[in-house]
A.B. asks: 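Below you will find the structure I want to go over with you.
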Amino acid sequence: SKSHASGQTTWQEEFFTGAKKISPIVLGFTFAATFASGGTFMGHPGLGYTNGFTWSWAYMTAIWSGFLPFILLGKRVFRVGMKIRAVSPNDVIEYRYENNPLLAIALILITVFFYMSYIVSQLSAGARMMSFITGLDYIPGLLIFGGVIVFYVTIAGMRGVAWTDTMQGVLMLVVAVSIVPVILIYAGGMENITPTLQEIDPMLLRGGTADMATSIGAMVSFMYMTHGFEGMGQPAAVQRLLVYDSPKAFKWGAFTSGLLIMVMSSIMVLAGVLGRALFPTLDVADNIVPTIIQAAFPTVIAGIFLAGILSAINSSANSYMLCVSTSIVKDLVVDYVKKDISDEMVGKLTKYITLAVGVLGVVLAIKPPEFIGILVLYAWKGLGLCIGIPLVFGCLWKRANKYGAVASVICTLIAYVYIDNIYGTTLFGLGFDSAMWAFLLGAVVMVVVSLATPPTKQEVIDVFFDEKKQFTK
């Protein structure tokens with residue numbers, strides 16, 4: 001995509017980045033709230049409930065990943081975004097790889113496909129929470145929850161998402177820091193929890209259940225891939241790097257979001273494991289945290305805390321809807337279909353597309369997945385790999401070029417889908433997550449093809465790597 005000719009704020013910049021006029025603390029909360037989804041408060045605690053301490057320890061080893069996008073990519077993406085006035089993650093990637101149309105279309109399709117999976121999982125989680133809190137059936141709960149999100153994302157864009165995420169993020173943080181102490185008090189301490197878990201299933205305390213891959217390979221691949229490298233390839237996360245207006249604001253936002261992600265992610269999975277001792281026979285494992293809150297807290301406080309979980313789901317769903325509409329309108333229509341489209345028409349089209357994405361998500365969520373966490377991880381890995389490889393190599397390696405990027409994205413996507421569905425963690429008997437093998441293949445393809453083909457134009461390399469030509473404020 002090309003830089004805007006004038007210095008005026010366009011409708012696109014206002015809707016997709018809040019015109020870079022959002023407080024850094026607010027941005028830190030919206031970044032963290034986006035990561036802390038229904039998976040954090042329902043899906044992953046549900047997997048901890050089912051698989052025991054192995055899942056908890058594996059997840060906790062990855063909590064540092066909240067800082068990774070900022071440490072490795074943040075400063076460069078932020079500065080390049082200011083230089084070219086990027087309003088979407090694909091703007092940065094497309095510019096780095098000389099606006100290659102094949103790469104751009106591939107990334108748009110991948111973003112829409114995997115983020116629709118995200119949206120479905122979050123709407124499903126929200127509907128379950130609505131049913132749990134109000135007693136409504138699943139479908140009415142889905143319609144109410146989905147309708148509210150679609151309304152305010154369509155109307156307010158990034159600015160509305162950021163402020164609602166901040167209010168929700170505060171509530172989510174209160175839930176997270178309160179839940180484990182309450183479980184310990186309610187259960188009478190670890191001296192009661194440990195023997196109860198031993199009686200239910202000894203593997204909950206040891207290596208995890210028989211259905212879970214617990215090898216060192218699985219642990220390492222989960223830690224470094226699922227919540228490390230792949231976190232840097234999430235469009236909703238990269239989108240936040242484009243919203244800061246100065247290096248100082250960026251640093252405050254990075255600190256706030258990283259700390260919040262670490263606290264919320266680690267605590268909630270542990271709560272799922274410990275909660276198994278209190279409620280060993282739940283029909284839906286994902287309901288463990290809401291069940292604990294309802295049982296252990298006074299009614300009013302329980303209602304507030306359950307609203308906190310609903311907030312986590314809400315904050316992620318709205319961000320994913322915004323990313324999908326950004327990909328379709330900005331990255332596809334504006335950049336390739338109708339480049340001379342007016343700002344006013346972009347505004348109308350964006351609202352229509354956002355509405356359509358939300359409605360489609362609600363329809364697809366009518367038949368929900370059994371485990372929300374599994375669907376979230378599938379989408380997370382797919383996006384993180386396909387977008388993460390060209391973004392990371394493009395920001396850290398000057399020799400990466402458009403040919404290597406296109407080849408790596410195609411090979412990575414095919415490898416991930418094939419290995420995940422055919423082999424899972426059994427390929428070569430090492431227990432590595434399917435995403436690890438897909439990443440290794442994609443990285444090799446990126447390096448080999450880039451070295452065998454002409455390099456990127458120097459003017460593009462200068463924008464990314466020449467600090468003197470970078471934006472400063």
A.B. asks: Evaluate the side-chain proximity of Phe297 to Ile292: yes if any heavy-atom separation is below 4.5 Å, no if none is.
C.D. replies: no
A.B. asks: Would you please test Val324 and Ile353 for side chain to side chain contact (heavy atoms under 4.5 Å, CB included) and show each step?
C.D. replies: CA-CA 9 Å; Val324 172; Ile353 292 296; 5.8 Å; no
A.B. asks: Examine distances only and state if a side-chain atom of Tyr97 and a backbone atom of Pro390 form a donor-acceptor pair shorter than 3.5 Å.
C.D. replies: yes
A.B. asks: Return the orientation label for the Tyr416 and Phe114 ring planes: parallel under 30°, perpendicular over 60°, tilted otherwise.
C.D. replies: tilted
A.B. asks: Is there a side-chain contact between Leu204 and Glu199 (heavy atoms, below 4.5 Å)?
C.D. replies: no
A.B. asks: Please lay out, stage by stage, how Leu103 and Glu94 fare under the test side chain to side chain contact (heavy atoms under 4.5 Å, CB included).
C.D. replies: CA-CA 8 Å; Leu103 176 62; Glu94 288 175 41; over 6 Å; no
A.B. asks: Quick one: does Arg276's side chain have a donor or acceptor within less than 3.5 Å of a partner on Leu197's backbone?
C.D. replies: no
A.B. asks: Checking side chain to side chain contact (heavy atoms under 4.5 Å, CB included) for the pair Tyr115/Ser327: CA distance, chi angles, key distance, verdict?
C.D. replies: CA-CA 10 Å; Tyr115 261 149; Ser327 291; over 6 Å; no
A.B. asks: Any side-chain to backbone donor/acceptor pair from Thr412 onto Cys386? Under 3.5 Å, distance only.
C.D. replies: no
A.B. asks: How long is the span from the CE atom in Met446 to the SG atom in Cys411, to the nearest 0.5 Å?
C.D. replies: 11.0 Å
A.B. asks: Show the nearest heavy-atom pair for residues Val77 and Cys395, with the distance to one decimal.
C.D. replies: CG2-SG, 4.0 Å
A.B. asks: Are any side-chain N or O atoms of Asp137 and backbone N or O atoms of Ile139, one a donor and one an acceptor, separated by less than 3.5 Å?
C.D. replies: no
A.B. asks: Which value, rounded to the nearest 0.5 Å, describes the distance between Ile387 atom CD1 and Ile110 atom CD1?
C.D. replies: 7.0 Å
A.B. asks: Taking all non-hydrogen atoms of both residues, which atom of Ile193 and which atom of Leu274 are closest, and how far apart?
C.D. replies: CG2-CD2, 4.0 Å
A.B. asks: Between Ser434 and Tyr418, does a side chain to side chain contact (heavy atoms under 4.5 Å, CB included) hold up when you go through it step by step?
C.D. replies: CA-CA 9 Å; Ser434 56; Tyr418 178 77; over 6 Å; no
A.B. asks: Test your reading of the model: is there a side-chain donor-acceptor pair from Arg76 to the backbone of Phe464, 3.5 Å cut-off?
C.D. replies: yes
A.B. asks: Would you name the heavy atoms of Gly46 and Asp286 that are closest together and state the gap between them?
C.D. replies: CA-OD1, 3.7 Å
A.B. asks: Less than 4.5 Å apart, any side-chain heavy atom of Arg96 and any of Val92?
C.D. replies: no
A.B. asks: If you measure from CG on Leu364 to OG on Ser121, what distance do you get to the nearest 0.5 Å?
C.D. replies: 11.5 Å
A.B. asks: What distance separates Asn192 CG from Met190 CE, expressed to the nearest 0.5 Å?
C.D. replies: 10.0 Å
A.B. asks: Between atom CZ of Phe279 and atom CD of Gln294, what is the distance when rounded to the nearest 0.5 Å?
C.D. replies: 9.0 Å
A.B. asks: Look only at the side chain of Ser124 and the backbone of Val120, and say whether a donor-acceptor pair between them is shorter than 3.5 Å.
C.D. replies: no
A.B. asks: Taking all non-hydrogen atoms of both residues into account, name the closest pair between Pro280 and Ile200 and its distance.
C.D. replies: CB-CD1, 3.5 Å
A.B. asks: Under a 4.5 Å cut-off applied to non-hydrogen side-chain atoms, are Met116 and Val357 in contact?
C.D. replies: yes
A.B. asks: Rounded to the nearest 0.5 Å, what separation is found between the OG1 atom of Thr196 and the CG atom of Leu205?
C.D. replies: 10.0 Å
A.B. asks: Do you know which two heavy atoms are closest between Ala365 and Leu123, and how far apart they sit?
C.D. replies: CB-CB, 4.1 Å
A.B. asks: If you take all heavy atoms of Ala187 and Leu278, which pair is closest and at what distance?
C.D. replies: CB-CD2, 3.4 Å
A.B. asks: Side chains of Ile389 and Phe393: does their closest heavy-atom pair fall under 4.5 Å?
C.D. replies: yes
